[in-house]
Amino acid sequence: MLTFTNIQKSFDATPVLRGISYRLAAGENLVLLGPSGCGKTTLLRIIAGLETADAGQLLLEGEDLTAVPVHQRGFGFVFQDYALFPHKNVYDNVVFGLRMQKWSAEKMRVRVAQVLDLVGLAGFDERAIHDLSGGEQQRVALARALAPAPRLLLLDEPLGALDRALRERLMLDLRAILQDAGGVVGRPEGITAVYVTHDQAEAFAIADQVLVLNEGQIEQVGSPTELYRQPATPFVARFLGMGNIFPGEIKKSTATQTLVASPLGELQVKSSSLFQKGRAVPLLVRPEAGRLAEADDVENVMQATMVDLSFRGRYQIVTVRVGDILLKFEMETAVDLPPPNQPITLVLDKDAINLLAGS
Ligand code: ATP
């Protein structure tokens with residue numbers, strides 16, 4: 001298990017990490033997600049031992065890592081730029097860490113075959129690195145990092161240099177590879193990994209837990225589902241692509257439901273805690289909240305005007321106007337909507353409205 005406590009770091013008196021604490025369970029993978037400059041690479045480099053924290057503590061299985069140099073940490077690395085040996089073949093690249101650890105020839109042969117199979121490159125041993133696609137090179141880099149059964153695997157934007165199609169394929173494979181890798185290399189608890197990306201789709205596809213960083217502080221930590229269903233703050237909601245965020249004020253609060261005044265009118269919101277009357281709360285109207293009203297709808301019904309439809313296959317992105325406010329929703333393509341400028345009666349599902357923290 002990896003524990004970091006109150007990690008702080010400044011460059012030239014500018015704070016880049018402002019007290020980051022998290023406990024990563026053995027076999028779990030944590031994705032550090034945030035916009036450019038939020039400090040995720042710095043945090044990864046501190047965990048790696050390539051950078052020292054100004055304050056805070058880093059423990060792996062109870063061992064304080066502060067004084068342990070990079071090469072003695074027993075970690076595996078995968079970076080955006082592959083960092084493979086271009087003049088060696090696939091086998092010699094993958095076997096590199098095992099040679100350093102003086103494995104026997106037979107054990108090395110078996111392990112290389114196992115990890116190449118794991119990453120979908122069985123039989124590629126003799127291939128030259130420069131003959132491989134970017135995606136294949138990154139699979140080799142992953143096989144090389146996994147071969148010695150690292151105590152911790154660190155990945156920094158590993159898909160960053162790939163084109164979109166390759167990215168999407170490897171993204172889906174990566175989670176499965178990370179899940180299977182522990183069994184293949186002899187870590188039955190699974191491979192513990194920390195993964196840096198600024199791409200939320202990538203984070204969602206790969207992560208057990210996502211840690212969202214904003215200007216060197218933790219904004220939220222949770223599973224992809226938790227983050228998507230209950231983003232804690234406007235920053236997280238916006239970063240996940242949800243834009244219907246409005247100021248709200250608590251009018252009435254019970255154990256199960258809250259009435260909130262908003263620029264869209266008074267809205268009923270499902271909630272599980274009591275809020276003080278008059279308190280200001282940001283309100284997120286989720287993309288799935290909007291639908292056309294039916295005759296028996298009574299809550300959160302409002303008059304709106306159709307603005308735009310954007311077809312996305314199974315669903316459509318629907319832009320409507322309520323007063324002078326634009327709202328975007330995702331609705332099934334099967335839902336028939338009137339053309340632009342026509343009035344509609346809209347309902348906002350109270351289960352799909354979130355009360356957020358902060359401002
Ligand atoms: P990106 O996705 O762009 O790499 P990031 O979230 O990984 O962003 P970091 O690379 O951790 O961000 O950088 C955080 C801040 O610290 C940035 O403002 C960066 O310019 C600064 N920074 C990082 N390394 C150094 C350094 N060695 N010296 C001075 N400033 C640095």
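Start at 1 and go down the list; that is how both ligands and their atoms are numbered.
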Sole candidate of Ser271, Ser273, Ser272 that passes side chain to side chain donor-acceptor pair (under 3.5 Å) when paired with Thr258: Ser271
For atom 11 (O) of ligand 1, the protein heavy atom that lies nearest, with its residue and separation: Thr42 OG1, 2.5 Å
Carboxylate-amine/guanidinium contact Arg99 Asp92, below 4.0 Å: yes
Taking atom 10 (O) of ligand 1 as the reference point, the nearest protein heavy atom with its distance: Thr41 CB, 3.5 Å
Cation over ring face, Arg139 and Phe124, 6.0 Å, 45°: no
Parallel, tilted or perpendicular: ring planes of Tyr228 versus Phe204, cut at 30 and 60 degrees: perpendicular
Within-cut-off N or O pair, Asp12 and ligand 1, under 3.5 Å: no
Closest protein heavy atom (residue, atom, distance) for atom 2 (O) of ligand 1: Lys40 NZ, 2.9 Å
Heavy atoms from other residues, nucleotides or ligands near CD of Glu215 exceed 12 (cutoff 6.0 Å): no
Salt bridge present between Glu106 and Arg109 (N-O < 4.0 angstrom): yes
Sub-3.5 Å N/O-N/O distance, Gly39 and ligand 1: yes
Identity and distance of the protein heavy atom lying nearest atom 27 (N) of ligand 1: Phe11 CE2, 3.6 Å
Identity and distance of the protein heavy atom lying nearest atom 3 (O) of ligand 1: Ser36 OG, 2.6 Å
Atom 20 (O) of ligand 1 touched by protein heavy atom at under 4.0 Å: no
Residues Glu61 and Arg151 bridged, charged N to O under 4.0 Å: yes
Glu51 N/O to ligand 1 N/O under 3.5 Å: no
Glu157-ligand 1 polar pair, N/O distance under 3.5 Å: no
Salt bridge Arg175-Asp208, side-chain N to carboxylate O under 4.0 Å: yes
Protein contact for atom 23 (C) of ligand 1 (heavy atom, distance under 4.0 Å): yes
Rounded distance (nearest 0.5 Å) linking atom CG of Leu44 with atom CG of Leu154: 5.0 Å
Proximity flag Pro35 to ligand 1, non-hydrogen atoms under 4.0 Å: yes
Enclosure of Asp64 CG (heavy-atom neighbours >12, cutoff 6.0 Å): yes
Proximity flag Gly34 to ligand 1, non-hydrogen atoms under 4.0 Å: no
Identity and separation of the nearest protein heavy atom to atom 8 (O) of ligand 1: Gly37 N, 2.7 Å
Close-contact set for ligand 1 against Val16 heavy atoms, below 4.0 Å: 14 (C), 15 (C), 16 (O)
